[in-house]
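Worksheet for the structure shown next.
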Amino acid sequence: MSGIYIHIPFCKQACHYCDFHFSTSLKNKESLVQSILSEIDYRINYLPNKNIETIYFGGGTPSLLSEKEIFSILEKLYKLYTISREVEITFECNPDDLTDDKLKELKRLEINRLSIGLQSFNEEELIWMHRAHNAKQSESCVKRAQDRGFENITIDLIYGSKFSNLSNWKKTLDKVIDLKVPHISSYNLTIEEKTKLGHDFKLKKEVAIDDEKSSELFLEMIDRLEKNHFIHYEISNFGKEGFFSKHNSNYWKGIHYLGLGPSAHSFDGASRQWNVANNNIYIKHISEKSNDYFEKEILTEKERFNEYVLTSLRTIWGIDLNYLKTNFNSDIVNNFMLQIQEYIKQETVVVKNTTYTLTEKGKLFADKIASDLFA
Ligand code: SF4
């Protein structure tokens, strides 16, 4: 089984914290969709396994596409690949786009998982983030999607801005629990250099909240969500039983995927490929049938190991010693076994049979521990 990711690089406006690839000019939308359709043809031999278990429309803002545009992409994928009967089709959308008509369209297209970029319920914070929706839309969009028959819904939340404190974070979490969505992705706000927030931070117009406060919010989220039957299955992801993201879980487990559209990444087990993060250059190269729209790197054994450690350690499935022994040389494995002892001693990592996972305390230092374990 494999997955397909489609990057839709358009947004109504630039959120001040976001460093994803997108353009706020929609004038090339039509030709970009045509280019994605052509790229589907060009990349037909990329995936060794043509059985597709997951399709993911991400961005940018896929909900800016028309029904016809979404249909054309799906139709082509269905024609060229064997799509599983149980395929998970995730569609990222913003609250302001989720009108009743849009929801009807997405139902007709058989989209079966909505990922809603809700981010916050606080009007002041949404304005500060420069989101295109307001707090009322944050609250009402989920209910409307549920009324239209969408059961598998995930919402994105951001915590750790200057507006966050323990008391309003608890209220946000309670509101989310009341919405009865089965999945939540929640990210600590990071200040990226090439964003408005990064710029203001450099000019000292904005400050970052300290790590201690962020950790407090993170631990509160784990506690509150777990008490409400969410499983913390990846550092930033919580799902109820049967509602984990199949697409992202496969990605963390090293399953192959093809990425289409500007800035999309692909992985075939041995190499990584990434498309140019520029809409015009992407369209131009695709129309000229030139391969210059992507870069490729063959992963070394150490790079494959480091990626495995970084992604696995963040999940409930953890690092599997048998997998390490089958896929990496004994020097790498022995070094790992030596290094991990320190974290077991510190009680940030726990070992059960042949699997190493983070403890509650370890979750606060996931990336640091993973990088210390790199080959
Ligand atoms: S956060 Fe989403 S909606 Fe906002 S600019 Fe980034 S991709 Fe676009």
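Order of appearance sets the numbers: ligands from 1, and atoms from 1 within every ligand. As the structure is a prediction and not an experimental result, all values here were calculated from the model. We use all heavy atoms of the structure for the numbers below, so side chains are in, but hydrogens, waters and symmetry mates are not.
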Around atom 6 (Fe) of ligand 1, list the protein N/O/S atoms within a radius below 2.8 Å, excluding water molecules.
-> Cys18 SG
Residues in side chain to side chain contact (heavy atoms under 4.5 Å, CB included) with Asp210, at least two apart?
-> Glu212, Lys213
Relative to the ring of Phe336, is the ring of Phe305 parallel (under 30°), tilted (30 to 60°) or perpendicular (over 60°)?
-> perpendicular
Set of residues satisfying side-chain hydrogen bond (donor to acceptor under 3.5 Å, both in side chains) with respect to Tyr46, sequence neighbours excluded = none
Close approach of Arg131 to ligand 1, heavy atoms, under 4.0 angstrom | yes
Residue, atom and distance of the protein heavy atom nearest atom 3 (S) of ligand 1 read Asn94 ND2, 3.3 Å
So the ring pair (Phe, Tyr, Trp, His ring centres under 6.0 Å) pairs with at least one residue in residues 168-203 (sequence neighbours excluded) are Tyr159-Trp169, His183-Tyr233
Criterion side chain to side chain contact (heavy atoms under 4.5 Å, CB included) on Leu106 and Arg148, from CA distance to verdict | CA-CA 10 Å; Leu106 297 175; Arg148 282 277 157 219; over 6 Å; no
Is any side-chain heavy atom of Lys296 closer than 4.5 Å to a side-chain heavy atom of Ser266?
-> no
Look only at the side chain of Asn353 and the backbone of Thr355, and say whether a donor-acceptor pair between them is shorter than 3.5 Å.
-> no
